[in-house]
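Below is one structure; the comments refer to it alone.
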Amino acid sequence: MNPLKVYNSYSREKEVFTPIIAGHVGMYVCGPTVSGESHLGHARPFITFDVVYRYLLHLGYKVRYVRNITDAGHFEEEGREAEDKISKKAVIEKLEPMELVQKYSNLFHWAMLRFNNLEPSIEPTATGHIVEQITMIEEIIAAGYAYEVNGSVYFDVKKYAEKYPYGKLSGRVIDDLLETTRELENQDEKKNKQDFALWKSASPEHIMRWKSPWGVGFPGWHIECSAMSAKYLGDQFDIHGGGMDLQFPHHESEIAQSMICNHKMPARYWLHNNMITINGKKMGKSYNNVIKLSELFTGSHALLAQAYSPMTVRFFILQTHYRSTLDFSNDALQAAEKGLKRLWDAYKELQHLAFDPLKERDIQTEDLFYAYCREMDESMNDDFNTAKALAHMFSLVNHINSFKSGVLEKKTMSAECFAYVKEQFASYIENVLGLKNEDELELDKLKGVLDLLADIRKESRAKKDYATSDKIRNQLQQLGILMKDEKDGKVSYGFE
RNA sequence: GGUUCCGUGGCCGAGUGGCUAGGCAGAGCUCUGCAAAAGCUUCUACAGCAGUUCGAAUCUGCUCGGGACCUCCA
């Protein structure tokens, strides 16, 4: 078995994963800015890193998973106005900033729950760590790498770059940045265009504001992650994750801040997921092509022919490697929905398979089963290749169904092999990939009724009373419940 | 313009130089009162050109096309 390897954006290579403290992993993932409703694009990193988290747990690591909530509203510079996203939205929606933040945090958590994402160990908020951020800024000023202008504080990138490799993570050359940086508001305050804000002075109408040694203002965007990751995971931790679009300037700046304050690279491994595209273009607000999660779950979007369940979306995302772009379309989601159903049906079937000590063992098939199981582990160890792991699971699906259809003779595998395959399959589908049966609740309620109907159908078929049997099946089908006659004479059912 | 990634069959997507990726869709067959499901068989591939090699989707070069980042962004 190969050890776990992860692609480190910083070195641009796959590296064997070795935690700082054996058996323990500290992981920080950039969380959402809760100034609006999450869309499909936002779902990807949180599902990606949920699987990373789950797999590390699966491997036996004790993991502290920190994912922040950005509720302080880092300023965005749209046109000429420097704006605070949350402030601005709060005014539009006539809400207190914290009321707005609460609303979208709740929505975010609701979506995470539906995706069956595990909760992070700690979910710190930027507004809850203003003191830590101010302290960190003071340290950077004391070290001589930041300066104050008119109540704002900027990080001196040029000075930093003289000693440290600013731009290494994102593959940027500092002189190029000088050339290409666009004219922005208050640019004249900065010594150099590449400098970024640690603290911004708040104008009187700005509603999110805190006192600081430099006057009333609010923190810059990058400092929150540096402050919170260091507080909960230490000066240096194992994994830092986030979307590829955060590589620059966000993560690059995080590194710079932490290097000055803590004299260490904050994270050993930088993991970045790629974007979700739609018609080949990145899904994002600025492109006006987002599909909100609520629209996805209800099917209320022009591009969607139907509603798609959270598990379908999760499966859809996991069918692609996290570092590849994933192109969205209605057809692709429809394919995912059917694929997931096939996977889950086989999983249910597997649970009913059992060995028969009277039959001769089929060593060849056993070996095949063991090989697929091993390949699942190998795939995940190769930079969390869920797409490949799923392909091997589908190979198992094919064989499981062969037992069912009689192509492979039933019960010819040893008890050990059956037990192992069952455990491995269950462990992957439920624990590692985090998929769950969405029918379960409904099934509980309807089970008794459906069992009865299945029984009546069975009886009427035995009497060749097809009028009755067809009536049962056809009317149930209209309700979205499929009744199937199995080979052994039983009648089974499932939801479409 | 700078940096960088990618172009795989009808669609989505894995791919370590030689071994079936996989899912969805299509065709035929088996099972079946009909159906569904499943199984078996099967059709479509590696953007183009040139090179390295016994052998390339996989390495190199060029051409064409597309994306991402360089500004908020998951």
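Note on naming: letters A, B, ... go to the chains in the order of the sequence lines (proteins, then strands), and numbering restarts at 1 for each one.
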Same-atom distance ([atom1]) from [N] to [M], integer angstrom:
N: B:C12; M: B:C49; atom1: P; result: 23 Å
N: B:C5; M: B:G15; atom1: P; result: 16 Å
N: B:C29; M: B:A35; atom1: P; result: 13 Å
N: B:C40; M: B:C59; atom1: P; result: 34 Å
N: B:G51; M: B:A68; atom1: P; result: 35 Å
N: B:U53; M: B:U41; atom1: P; result: 40 Å
N: B:G26; M: B:G17; atom1: C1'; result: 33 Å

Would you kindly give the [atom1]-to-[atom2] distance between [X] and [N], to the nearest whole Å?
X: A:Asn398; N: B:A37; atom1: CG; atom2: P; value: 16 Å
X: A:Asn289; N: B:A74; atom1: CG; atom2: P; value: 13 Å
X: A:Ile278; N: B:G67; atom1: CD1; atom2: C1'; value: 15 Å
X: A:His272; N: B:C5; atom1: NE2; atom2: C1'; value: 15 Å
X: A:Glu486; N: B:A35; atom1: CD; atom2: C1'; value: 13 Å
X: A:Tyr308; N: B:C24; atom1: OH; atom2: C1'; value: 12 Å
X: A:Tyr28; N: B:A74; atom1: OH; atom2: P; value: 14 Å

Which residue lies more 5' along RNA chain B, comparing A:Gly284 with A:Gly171 via nearest heavy atoms
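Comparing both residues, the 5'-ward one is A:Gly171.
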
Start at the 5' end of RNA chain B and walk down; is the nucleotide closest to A:Arg12 or to A:Asn274 reached first?
A:Arg12

Can you tell me which residue pairs pass the salt bridge (charged side-chain N to carboxylate O under 4.0 Å, His left out) test with a partner in residues 280-292 of chain A, sequence neighbours excluded?
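The answer is A:Asp245-A:Lys282.
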
Sequence neighbours left out, what pairs pass salt bridge (charged side-chain N to carboxylate O under 4.0 Å, His left out) with at least one residue falling in residues 311-325 of chain A?
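Non-adjacent pairs meeting salt bridge (charged side-chain N to carboxylate O under 4.0 Å, His left out): A:Asp50-A:Arg314, A:Arg323-A:Asp383.
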
Taking the inter-plane angle between the rings of A:His42 and A:His39 on a 0 to 90° scale, is it parallel (under 30°), tilted (30 to 60°) or perpendicular (over 60°)?
tilted

Nucleotides 9-21 of chain B: protein proximity per nucleotide (B base, S sugar-phosphate only, - neither; heavy atom, under 4.0 Å):
---SSSS-----B

Close aromatic pair by centroid cut-off 6.0 Å: [X] and [Y]:
X: A:Tyr154; Y: A:Phe196; value: no
X: A:Phe297; Y: A:Trp110; value: yes
X: A:Phe155; Y: A:Tyr160; value: yes

Residue-phosphate contact under 4.0 Å: [X] side-chain N/O, [N] OP1/OP2:
X: A:Lys338; N: B:A25; answer: yes
X: A:Asn273; N: B:A74; answer: no
X: A:Lys281; N: B:G66; answer: no
X: A:Arg342; N: B:G39; answer: yes

Flag the pair [X] and [Y] as a salt bridge only when some basic side-chain nitrogen lies within less than 4.0 angstrom of an acidic carboxylate oxygen.
X: A:Lys191; Y: A:Asp156; answer: yes
X: A:Asp465; Y: A:Arg461; answer: no
X: A:Asp470; Y: A:Arg473; answer: yes
X: A:Lys458; Y: A:Asp485; answer: no

Under-3.5 Å N/O pairs linking protein and nucleotides 32-34 of chain B:
| unit_1 | atom_1 | unit_2 | atom_2 | d |
| --- | --- | --- | --- | --- |
| B:G33 | O6 | A:Arg457 | NH2 | 3.4 |
| B:G33 | O6 | A:Arg461 | NE | 3.4 |
| B:G33 | N1 | A:Asp470 | OD1 | 3.2 |
| B:G33 | N2 | A:Asp470 | OD2 | 2.9 |
| B:C34 | O2 | A:Arg473 | NH2 | 2.7 |
| B:C34 | N3 | A:Arg473 | NH1 | 3.0 |
| B:C34 | N3 | A:Arg473 | NH2 | 3.4 |
| B:C34 | N4 | A:Asp485 | OD2 | 2.9 |

Within the 4.0 Å heavy-atom criterion, would you say [X] contacts the bases, only the backbone, or no part of the nucleic acid?
X: A:Gly41; value: base
X: A:Met393; value: nothing
X: A:Met283; value: base
X: A:Phe49; value: nothing

If you draw the axis of the six-membered ring of A:Phe46, does the NZ or CZ of A:Arg67 fall within 45° of it and under 6.0 Å from the ring centre?
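Checked: cation-pi criterion met.
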
Decide whether a cation-pi geometry holds between A:Arg342 and A:Phe394; the criteria are a distance under 6.0 Å from NZ or CZ to the six-membered ring centre and an angle within 45° of the ring axis.
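Because its charged atom misses either the 6.0 Å distance or the 45° angle limit, A:Arg342 does not stack over A:Phe394.
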
Counting side-chain heavy atoms from CB outward, which of [options] is closest to [X]?
X: A:Lys282; options: B:G39, B:C69, B:A74; answer: B:C69
X: A:Phe248; options: B:G39, B:A68, B:C70; answer: B:C70
X: A:Phe394; options: B:C69, B:G23, B:G39; answer: B:G23

Partners of A:Glu430 by salt bridge (charged side-chain N to carboxylate O under 4.0 Å, His left out), sequence neighbours excluded?
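None.
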
Quick check on salt bridge (Lys or Arg N to Asp or Glu O under 4.0 Å): which of A:Lys14, A:Lys388, A:Lys5 does A:Asp382 satisfy it with?
A:Lys14

Pairs counted as Watson-Crick or G-U wobble with both distances under 3.5 Å: what dot-bracket string results for RNA chain B, using | for bases tied to another strand?
(((((((..(((.....[...))).(((((.......)))))....(((((..]....))))))))))))....

